[in-house]
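Notes follow the structure.
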Amino acid sequence: MDITINQLEQDLIRVLVKIELNGVKIDIKKLNDVEHQLLNRLQTTTEKITKIAGAEINLNSNEQLSTLLFEALELQPKVTSKGKSGLISVDKSHLAKLKEDHEIIPLILDYKKINTLLSFCNQLKEVHPKTGRLHCSLNQIGTATGRFSCSNPNLQNIPNVKLKDKDSETDELKIIASKFREVFIVEKGCVLIGADYSQIELRVMTEMSQDSFLLHAYNNGVDIHELTASKVFNCKISEVAEEQRKIAKTINFGLIYGMSAGGLAKSLTTITNKHHSKEDAEKMMSGYFNEFNGVKSCLEGLIDYADHYGYSKTLFGRTRPIPELASNDLEIRERGKRLAKNSPVQGSAADIIKMAMVNCDKAIAEKGLKSKMILQIHDELLFEVPENEVEIMENLIKHEMENVVRLSIPLTIELGKGANWAVAH
DNA sequence: CGTCTCACG
DNA sequence: ACGTACGTGAGACGA
């Protein structure tokens, strides 16, 4: 491991200790209110389901659920995809396909949703008796790529639901789900500031590849998904249709994941609601790599590097062993290639925000400010800021995060503030 | 303790 | 012919 990464992780320890000790303030009253609503809905939903099913059934058991749907109610599964256990999948994407086939399906989907939301209520209730705040563990060596993981409770997977106008009266569960980030509040006299890096992983990809189209786009404020669409569909940027941009966005995501034609096809099918074959996806990918040839050679180079050394490396020297590349099993080697492509991207982004955390902490201390860093969510930092420090902190955060490293393209952040996490995001 | 499901980036 | 992307944690089930 590179010495600068070792130093970074060393410096970071103090920052993480502070974040964990600071904790996050929780609006217990609002949380209880949300829980109450969920419990009510759980009861009515369960009653309806038992009535239709005609018997008590444990909906948390996929086995029992599968028996009910495909044997007792004789529903025809649309896709008979089975996991290792040989059971027909009954996850929400599969259930959604059966929505029209039986009145019980929407109820089951609701039940599952309510259950997961209740689990978040349970986790968030565990505020510390002395501080009255919620203290998670940020696990510094929690992941293979260099990110943190977060546990007890995991505050990096709190539902992030934004309501559109049309949802405001129809989908009650969605409305309840949207409350979860409102529960994250700050002390009286403080403001919550959230700052997240804009497309940091695609920017890292741009830096690593030095692809001329990507460099140009990020240096000139061109919408990256529109650019991608114009290249893949061979049209002018101004002529890109909404759906084409959506597809391009999926391609850009896939790029970061080390996409395969099959994976892209499935994802395209889901987001467009239209079937896309593996061949479709293959065409789009070759179209993409034809244009963005800097990206193409970069990805090939990443595989060669990991193949040669047995590990991948980020822009700043963080390594990840990839023994999968030496496997005799073709599938495992394919996975190794995806890891070799993804890890440097995800890892470099992690390096960048970790450096920014150290710098923000240092700047806050040097200026003798009372503001506190309270959470990191991969590409986002949250701060609890006294009202009289808001302006100085906005400038400080923006400056430290955007200038933490000098790349060929700018790093930009989006900053929001308010009484809770929902409005600060 | 492995598997499945689902929440996040 | 088949399923199908990267990184996590929590919680339930069932062997």
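In what follows, every chain begins at residue 1, and chains take the letters A, B, ... in the order their sequences are listed.
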Are any of [X]'s side-chain N or O atoms less than 4.0 Å away from OP1 or OP2 of [N]?
X	N	result
R335(A)	dC6(C)	yes
K113(A)	dA7(B)	yes
K278(A)	dC2(C)	no
R147(A)	dC6(C)	no

Mind calculating the distance between [atom1] ([X]) and [atom2] ([N]) to the nearest angstrom?
X	N	atom1	atom2	result
Q140(A)	dG7(C)	CD	P	20 Å
F180(A)	dC8(B)	CZ	P	11 Å
I377(A)	dC8(B)	CD1	P	13 Å
L381(A)	dG9(B)	CG	C1'	13 Å
I176(A)	dA7(B)	CD1	C1'	16 Å
L202(A)	dC6(C)	CG	C1'	13 Å
R320(A)	dT8(C)	CZ	P	7 Å
R318(A)	dG7(C)	CZ	P	15 Å

Out of [options], which has the shortest distance to the side chain of [X]?
X	options	value
M259(A)	dA5(C), dG9(B), dC6(B)	dA5(C)
A144(A)	dC8(B), dG7(C), dT4(C)	dG7(C)
K92(A)	dC8(B), dT5(B), dA7(B)	dA7(B)

Regarding [X] and [Y], does a basic nitrogen lie under 4.0 Å from an acidic carboxylate oxygen?
X	Y	value
E300(A)	K341(A)	no
E243(A)	K246(A)	no
E384(A)	R133(A)	yes

Out of curiosity, [X] [atom1] to [Y] [atom2], how far, rounded to the nearest 0.5 Å?
X	Y	atom1	atom2	value
K249(A)	T228(A)	NZ	OG1	12.0 Å
N359(A)	N403(A)	CG	CG	10.0 Å
I409(A)	T206(A)	CD1	OG1	4.5 Å

Within the 4.0 Å heavy-atom criterion, would you say [X] contacts the bases, only the backbone, or no part of the nucleic acid?
X	value
I158(A)	sugar-phosphate
K341(A)	nothing
L339(A)	sugar-phosphate
V90(A)	sugar-phosphate
S89(A)	sugar-phosphate
G254(A)	base
R338(A)	sugar-phosphate
A350(A)	nothing

Please set out all donor-acceptor pairs under 3.5 angstrom arising from side-chain atoms of residues 97-114 of chain A, sequence neighbours excluded.
unit_1	atom_1	unit_2	atom_2	d
D101(A)	OD2	K78(A)	NZ	2.7
H102(A)	ND1	I104(A)	N	3.0
Y111(A)	OH	N115(A)	ND2	3.4

Problem - Partners passing side-chain contact (heavy atoms from CB on, under 4.5 Å) against S408(A) (at least two apart in sequence or in another chain) - result: E207(A), Q210(A), L215(A)
Problem - For T116(A), all residues meeting side-chain contact (heavy atoms from CB on, under 4.5 Å), sequence neighbours excluded - result: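 In terms of side-chain contact (heavy atoms from CB on, under 4.5 Å), with neighbours along the sequence ignored, T116(A) is linked to no residue.
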Fill in the blank from the handout: Contacts of S343(A) and A261(A) projected onto DNA chain C by closest heavy atom; the upstream (5') one is A261(A)
Exercise for the section: Could you measure between the two P atoms, the one in dA5(C) and the one in dT5(B), and give it in whole Å? Expected result: 14 Å
Practice task
Determine the Euclidean distance between corresponding C1' atoms of dC2(C) and dC6(B); express it in Å to zero decimal places.
Solution key: 25 Å
Handout entry: Cation-pi check, K231(A) onto F213(A) ring (under 6.0 Å, within 45° of axis)
Key = yes
Practice task
Go through the N and O atoms of the side chain of S260(A) and the base of dA5(C), and report whether any donor-acceptor pair is under 3.5 Å.
Solution key: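 Such a pair does not exist between side chain and base.
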Practice task
Can you run down the salt bridge (Lys or Arg N to Asp or Glu O under 4.0 Å) pairs that involve residues 275-292 of chain A, sequence neighbours left out, and say none if there aren't any?
Solution key: none
Problem - B/S/- contact track for nucleotides 10-15 of chain C, protein heavy atom under 4.0 Å - result: SSSSS-
Exercise for the section: Using Watson-Crick or G-U wobble pairs with both distances under 3.5 Å, give me DNA chain C in dot-bracket, 5' to 3', with [ ] for crossers and | for pairs to another strand. Expected result: .....|||||||||.
